[in-house]
Amino acid sequence: MFPLHREREQPIFSAKAHVFQIDPATKRNWLPASKHAVAVSFFYDASRSVYRIISVGGTKAIINSTITPNMTFTKTSQKFGQWADSRANTVYGLGFSTEQQLQQFAEQFKEVKEAARLAREKSQERFELGNTALNIAAPQELSEERSSPPLLTVNGPGEEKLFRSKSAEVELTVEKERVKKMLSEGSVCEINMEAEFFTLQDSNAKLVAALQEANSGVEQWKKQLAEYQEETDRLRDQVAELEAQLGHPAAGQARKEELSQSLEELKAELSAKDQEIHNLQSKKTDVNELQKEREEAVQRLQDVERRNTELEDQVQLAEKTLASSQQEQAQAETEVRRIMEALEVKISGLNELRRSLAELIDK
């Protein structure tokens with residue numbers, strides 16, 4: 001039954017949202033009905049004058065709610081709203097990404113609810129008029145050809161045309177809103193891309209400066225390393241010379257102690273120089289990491305430029321679509337005005353029929 005309804009139903013409005021349902025056990029907690037944001041759409045069935053909210057997750061309908069005049073959509077936070085469906089015996093909740101999307105959905109819900117109320121009143125009025133005509137036709141012996149055709153002419157095809165024209169206008173409005181939304185999202189994405197582009201440019205400049213500074217530092221470290229190695233060799237020669245002097249039998253005890261102390265100091269200095277050489281070698285590894293980060297930043301910058309080009313193409317396509325939609329809307333407005341004029345003629349005929357029925361009743 002669901003696919004058959006979808007074939008004769010027309011979309012009115014659609015928005016992306018996370019869908020929730022109230023926990024039937026606690027009636028307090030929300031249970032997620034979708035793993036991610038899905039399309040939640042309003043549909044209108046012209047053959048039955050019924051409005052529904054439908055959302056499909058994969059191959060399963062997670063929302064199938066028929067809108068009635070006594071339903072109310074309540075905004076419980078800046079980005080979340082809910083409504084109760086007594087027929088489904090549940091409460092649906094929708095979480096939107098922006099406050100604007102929530103406001104648009106709430107306004108559409110209010111409009112559809114009012115349309116459902118008007119459709120119900122017209123249906124009841126048509127039913128009452130049919131019963132009244134039947135009651136009057138019996139005592140006055142009115143023929144079927146006199147009573148039936150005007151009612152069918154006024155309430156039948158004319159009303160269907162009205163619903164069809166209204167549906168076409170709604171579709172154009174929805175298409176226009178969708179294009180505006182797409183343009184707005186495109187502008188936001190473009191701004192974000194530009195901000196990320198300038199951030200990457202700044203980061204790239206900093207990395208280049210750091211790399212240049214590191215390269216100049218490497219040259220200085222190489223020179224310092226060569227100097228330290230030369231000084232280390234010199235100190236080792238001094239140590240060897242002192243060791244030779246300490247081993248000479250003619251040296252005095254005082255000279256021996258002095259040379260021993262100098263030897264310890266030289267060994268400590270030599271150890272410090274070796275540690276500094278080790279530190280310089282480790283800094284050389286940091287320079288290689290900076291070079292790798294710079295290459296990654298350049299790659300990200302190229303990706304951002306490519307995405308920006310694609311976004312510009314999408315914006316141009318959206319502008320063309322908007323122009324086409326505006327042209328179609330102008331044509332639809334002309335058609336609607338023509339239908340409204342015809343409808344006024346039908347309403348005038350209906351008023352004449354009512355006055356005739358009232359006169360018959362008075363007689």
Side-chain angles (χ1 to χ4, degrees), residues 18 32 35-37 79 95 97-98 185-315:
H18 291 269
K35 295 181 179 179
H36 51 80
K79 299 180 182 180
S97 58
T98 63
E185 292 178 352
S187 301
V188 173
C189 292
E190 185 175 3
I191 293 171
N192 293 335
M193 291 295 181
E194 290 180 356
E196 185 176 359
F197 175 75
F198 290 128
T199 302
L200 288 175
Q201 277 189 335
D202 186 39
S203 300
N204 184 51
K206 291 181 180 179
L207 286 173
V208 170
L211 185 60
Q212 292 176 352
E213 183 180 355
N215 289 333
S216 62
V218 167
E219 297 298 330
Q220 295 179 358
W221 295 336
K222 287 181 179 179
K223 292 179 181 179
Q224 291 180 3
L225 181 60
E227 293 176 357
Y228 291 153
Q229 288 177 345
E230 292 178 358
E231 188 174 358
T232 300
D233 294 336
R234 183 179 60 81
L235 291 174
R236 286 176 178 171
D237 293 339
Q238 289 181 2
V239 169
E241 183 180 354
L242 290 173
E243 288 178 347
Q245 291 178 0
L246 288 173
H248 198 278
Q253 184 67 25
R255 179 63 176 170
K256 183 177 180 180
E257 293 176 357
E258 181 181 353
L259 290 175
S260 297
Q261 184 177 0
S262 299
L263 180 60
E264 294 296 332
E265 292 176 356
L266 289 173
K267 285 182 178 180
E269 187 175 356
L270 180 61
S271 177
K273 296 297 181 182
D274 290 337
Q275 182 64 33
E276 191 170 357
I277 290 172
H278 179 71
N279 293 336
L280 289 173
Q281 290 176 346
S282 64
K283 289 182 179 179
K284 186 176 180 181
T285 304
D286 295 337
V287 174
N288 294 331
E289 293 178 356
L290 288 174
Q291 179 68 24
K292 184 177 180 181
E293 291 179 358
R294 179 180 177 275
E295 293 175 355
E296 293 177 354
V298 171
Q299 183 63 33
R300 289 177 61 191
L301 186 60
Q302 293 175 353
D303 293 339
V304 169
E305 291 176 349
R306 184 175 65 256
R307 289 167 62 188
N308 191 26
T309 302
E310 294 175 355
L311 185 60
E312 290 176 354
D313 295 338
Q314 292 179 1
V315 170

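Source: prediction; values computed, not measured.
Taking a 6.0 Å sphere around CD of Gln238, one finds it holds more than 12 heavy atoms contributed by other residues, nucleotides or ligands.
Ionic pairing of Arg300 and Asp303 is not present here: no N-O contact between side-chain nitrogen and carboxylate oxygen is shorter than 4.0 angstrom.
Without hydrogens or angle criteria, Lys79 side chain to Gly95 main chain gives no donor-acceptor distance under 3.5 Å. With hydrogens and angles ignored, the 3.5 Å screen pairs a side-chain donor or acceptor of Asn215 with a backbone N or O of Leu211.
Remark: Asp313 engages Thr309, Gln316 in a side chain to side chain contact (heavy atoms under 4.5 Å, CB included) (not counting sequence neighbours). When the side chain to side chain contact (heavy atoms under 4.5 Å, CB included) test is applied to Gln275, the partners found at least two apart in sequence or on another chain are His278, Asn279. Not counting sequence neighbours, Thr232 has no partner by the side chain to side chain donor-acceptor pair (under 3.5 Å) test. For Thr98, the side chain to side chain contact (heavy atoms under 4.5 Å, CB included) test picks out Gln100, Gln101, with sequence neighbours left out.
A heavy-atom distance below 4.5 Å is found between the side chains of Asp233 and Arg236.
With rounding to the nearest 0.5 angstrom, the CD atom of Gln302 is 5.0 Å from the CD atom of Gln299. Atom CZ of residue Arg307 and atom CD of residue Glu310 lie 8.5 Å apart, to the nearest 0.5 angstrom.
Applying the salt bridge (Lys or Arg N to Asp or Glu O under 4.0 Å) test to residues at least two apart or on different chains, the pairs with a partner in residues 262-277 are Glu231-Lys273.
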>> Using side chain to side chain contact (heavy atoms under 4.5 Å, CB included), reason through Glu305 and Asn308 one step at a time and then give a plain yes or no.
In response: CA-CA 5 Å; Glu305 291 176 349; Asn308 191 26; 5.6 Å; no
